[in-house]
Protein chains: 2
Amino acid sequence: MPSSDVPLYLQLAATLRERIQEGVYSAGKPIPFEAAICDEHGVGRMTVRRALAVLREEGLIRTKRGGASVVRAECVRETLILQQNDRLIGRMPSREERSELSLDVGVPLLEVHRVDGTTERFAADRVEIIGH
Amino acid sequence: MPSSDVPLYLQLAATLRERIQEGVYSAGKPIPFEAAICDEHGVGRMTVRRALAVLREEGLIRTKRGGASVVRAECVRETLILQQNDRLIGRMPSREERSELSLDVGVPLLEVHRVDGTTERFAADRVEIIGH
DNA sequence: CCGGATTTGTACGTATGTATT
DNA sequence: GAATACATACGTACAAATCCG
C-alpha cells in the first residue's frame, strides 16, 4: 500500500510487521525462512535481510544463525520504583553491554542513577518503572 | 585488539567507536567518507557500511545521504518528573513514531502512562526522568 | 549421537538512484 | 549543473550454527 517510492525493504518490513501485529505470525513462533520470503515477494535476499533487520531493531523479532527468525513474545515486566531524586535515562547499549546483560538487539537500556551515587542498568523490555 | 574470529565489521566498528570516544572524531564533526575508511582498513564497502550501521544503532553517529556521517553531540536533556504511580516503559520506536517525533536512528522511546490514563512519548536522548 | 542438509551470517562485487556539496 | 558520496538492490561465494533423519 505504501507509495512506490518507498524503498522495497521498508515496504516489505511494513508487510511483515502487519502480519506480526495481526497474529498471522504469532508470538514465540518462527516466521518463514528468508528464501521463502524472497520467493513470495519476488525480491533478493539482501532486501529481505534488510527488512528483517528493521524488525529486529524494533524489537519485534529475534534471529538465530542457522534458524528462522522468531516473533518475540512480550516479556513479563518486573516493576521498579523510582525513588525521590533518582534519575533515569534511556539509551541504546553498546555491544559489550548487550552481551553482559543478555540483551536482544532492539532492546534499549534504562540506566538509573541513585541518590547515593550508585548506578543500575536494566533491560528496557524486562522492567516497568513506577513513580513513588 | 579483538580476536580475529570477531567479524570484520565489528572489529572496524570497535576501532571507530574508540576514536569517537577518544575524541579523534569529535562531536558534531564528520568522520571520514566510506571510501576513505575502505582504503584505510583494506575492506569492502559493505563491511564499512555495516560497521557504520552498528554505530548508528548505538546512537553514536548520524548519517545523511550524500554527506559524511557526523558524530552525534550529546543532547541537552530536559528534566521530567515521574509523578507517583506514573508508569514508564522504554522501547524502540516504530518507523512511523520515529518520523512523528523526529527521532534519529538509535534513539529509544520513553513512554509515560499517567495515572489519569493519558500517555506521553519522549525521545530518550532529550529527557532525563527524575523521581518525585 | 553423528553427519549431512538446511539456513542464517559474513564479505565481496556491480550497477543505478538520489541527495548534498 | 557537475561531481561527490551515500542508499538501494541485485548477484556470488563461503563459513558457521542449527535442524533433522
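Keep in mind it's a predicted model, so treat the numbers as computed, not measured. Labels below follow one simple rule: chain letters A, B, ... track the order of the sequence lines, proteins then strands, and each chain is numbered from 1. The figures that follow rest on heavy atoms only: side chains count, while hydrogens, waters and symmetry mates do not.
- Note on B:Thr63: only backbone sugar-phosphate atoms sit closer than 4.0 angstrom, heavy atoms only; bases stay farther off.
- Ranked by how close their nearest DNA chain D nucleotide is to the 5' end, B:Arg56 and A:Thr47 are led by B:Arg56.
- Look at CG on B:Leu12: it is 10 Å from P on C:dC12, rounded to the nearest Å.
- Remark: C1' of C:dT20 and CZ of B:Arg62 are 15 Å apart, rounded to the nearest angstrom.
- Side-chain atoms of B:Glu97 come within 3.5 Å of backbone N or O of B:Ser94 as a donor-acceptor pair.
- Considering A:Glu96, A:Glu100, A:Glu111 in turn, A:Glu100 is the only one that fulfils the salt bridge (Lys or Arg N to Asp or Glu O under 4.0 Å) rule with A:Arg121.
- Where A:Arg45 and B:Gly42 each meet DNA chain C at their nearest nucleotide, the meeting point lying more 5' is that of A:Arg45.
- Residues B:Glu57 and A:Arg98 are not paired through a salt bridge, judged by the lack of any N-O separation under 4.0 Å between the basic side chain and the carboxylate.
- The side chain of B:Leu8 has C:dA11 as its nearest neighbour among D:dC6, D:dA9, C:dA11.
- Contact between the side-chain N/O atoms of B:Arg65 and the OP1/OP2 oxygens of D:dA5 is not found at any separation under 4.0 Å.
- If you measure from atom CG of B:Leu55 to atom P of D:dC6, you get 14 Å, rounded to the nearest angstrom.
- The separation between A:Ile37 atom CD1 and C:dT7 atom C1' is 12 Å, rounded to whole Å.
- Taking atom CG of B:Asp39 as the reference point, atom C1' of D:dA5 lies 14 Å away to the nearest angstrom.
- The CD-C1' distance, from B:Glu34 to C:dC12, rounds to 15 Å in whole Å.
- The CZ atom of A:Arg49 sits 14 Å away from the C1' atom of D:dT12 (whole-angstrom rounding).
- Residue A:Arg50 is in sugar-phosphate contact alone, with no base atom involved, counting any heavy-atom pair closer than 4.0 Å across all strands shown.
- For A:Tyr9, a side-chain nitrogen or oxygen approaches OP1 or OP2 of D:dT8 to under 4.0 Å.
- Across all strands shown, A:Gly66 has heavy atoms under 4.0 Å from base atoms, whether or not it also approaches the sugar-phosphate.
- Each of B:Arg56, B:Glu34, B:Arg49 was scored for a side-chain hydrogen bond (donor to acceptor under 3.5 Å, both in side chains) with B:Thr63, with one residue passing: B:Arg56.
- Distance from the side chain of B:Met46 is smallest to C:dA11 among C:dA11, D:dT8, D:dA7.
- In this structure, the CZ atom of B:Phe33 is 15 Å from the P atom of C:dT20, given to the nearest Å.
- In terms of heavy-atom proximity, B:Val107 sits nearest to B:Ala124 at CG1-N, 3.8 Å.
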